[in-house]
Amino acid sequence: VQLVETGGGLVHAGDSLTLSCSASDRTFSMLAVGWFRQAPGKERELVAVISFSGENAYYADAVQGRFISTRDNDKNLAYLRMNSVNPADTGRYYCAADLAYNAIVDGHAAYWGQGTQVTVSS
């Protein structure tokens, strides 16, 4: 499965932004999807994970209440809605997918996209 992220860009603090993760085939509907980010000089961190059905989602404390992860399996798409962004949200955002939800949580997902850059100005 190939994943492609889109939707990044330069935004101001307080703005909203939606990232999309497009998958190459319908296997996507069986995979959990995670969103990660990596800021310059920092380690990659898990932002959110959504189950294959979309019924369950996990959020890192730093984004809880501001980011929303959804998916549309009919379109092979996953989304990360980012609300009330702040400069600490700056980084390259990656989507990742795996049959095993825990593999994503552990950072060992089988499939990864190339990422999309999000820059938040203060």
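We count residues from 1, following the sequence as given. Since the model is a prediction, treat every value here as computed from it, not as a measurement. Atoms considered below: every heavy atom in the structure, side chains included; atoms not considered: hydrogens, waters and symmetry mates.
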### Message
Contact between T6 and T116 at the side-chain level, heavy atoms closer than 4.5 Å - yes or no?
### Response
no
### Message
For L31 and V1: C-alpha separation, side-chain torsions, deciding distance, then whether side chain to side chain contact (heavy atoms under 4.5 Å, CB included) applies.
### Response
CA-CA 10 Å; L31 307 177; V1 177; 4.1 Å; yes
### Task
Output every pair passing salt bridge (charged side-chain N to carboxylate O under 4.0 Å, His left out) with a member in residues 108-122, not counting sequence neighbours, ordered by first then second residue.
none
N/O donor to acceptor pairs below 3.5 angstrom from side-chain atoms of residues 21-28, sequence neighbours left out:
from: S24; atom 1: OG; to: Q2; atom 2: N; distance (Å): 2.8
from: D25; atom 1: OD1; to: T27; atom 2: N; distance (Å): 2.8
from: D25; atom 1: OD1; to: T27; atom 2: OG1; distance (Å): 2.6

### Whether over 12 other heavy atoms sit under 6.0 Å from Y59 OH
yes
### Message
Could you walk me through whether L19 and M82 satisfy the side chain to side chain contact (heavy atoms under 4.5 Å, CB included) test, starting with their C-alpha distance in whole Å, then the side-chain angles of each, then the deciding distance to 0.1 Å, before giving a yes or no?
### Response
CA-CA 8 Å; L19 306 183; M82 306 167 60; 3.8 Å; yes
### Query
To the nearest 0.5 Å, what is the distance between OG (S20) and NZ (K75)?
10.5 Å
### Task
Please lay out, stage by stage, how L99 and M30 fare under the test side chain to side chain contact (heavy atoms under 4.5 Å, CB included).
CA-CA 7 Å; L99 278 171; M30 299 188 295; 4.2 Å; yes
### Query
Do L80 and F67 have side-chain heavy atoms sitting under 4.5 Å apart?
yes
### Task
Mind jotting down which residue pairs meet the salt bridge (charged side-chain N to carboxylate O under 4.0 Å, His left out) criterion with at least one end in residues 30-55? Sequence neighbours excluded, please.
R37-E45, R37-D89
### Message
Please give the remaining members of the hydrophobic cluster of F36, linking ILVMFWY side chains under 4.5 Å, ordered by chain and number.
### Response
L46, V49, Y58, Y94, Y101, I104, V105, W112
### Query
Shared ILVMFWY cluster between V118 and I68, side chains joined below 4.5 angstrom?
yes
### Minimum heavy-atom distance W35-E5, with the two atoms named
CZ3-CG, 4.2 Å
### Query
For R66 and S84, does a side-chain donor sit closer than 3.5 Å to a side-chain acceptor?
no
I'd like a table of donor-acceptor pairs (distance under 3.5 Å, sequence neighbours excluded) in which one partner is a side-chain atom from residues 7-17, with atom names and distances.
from: H12; atom 1: ND1; to: S121; atom 2: OG; distance (Å): 2.9
from: D15; atom 1: OD2; to: H12; atom 2: N; distance (Å): 3.0
from: S16; atom 1: OG; to: N83; atom 2: OD1; distance (Å): 3.0

### Task
Supply the atom-to-atom distance N73 CG to S29 OG, rounded to the nearest 0.5 angstrom.
5.0 Å
### Message
Tell me the closest heavy-atom pair linking A39 and T90, and the distance in Å.
### Response
CB-O, 3.6 Å
### Task
Output the distance between atom CG (N56) and atom OG (S69), rounded to the nearest 0.5 Å.
11.5 Å
### Summary
Here the gap from T18 atom OG1 to R81 atom CZ, rounded to the nearest 0.5 Å, amounts to 4.0 Å
## Note on the structure
Sorted by chain and residue number, the ring pair (Phe, Tyr, Trp, His ring centres under 6.0 Å) partners of Y93 (sequence neighbours excluded) come out as none
## Note on the structure
Rounded to the nearest 0.5 Å, the OH atom of Y79 sits from the CG atom of D72 at a distance of 5.5 Å
### Message
Please check if the number of heavy atoms outside Q117 that lie under 6.0 Å from its CD is greater than 12.
### Response
yes
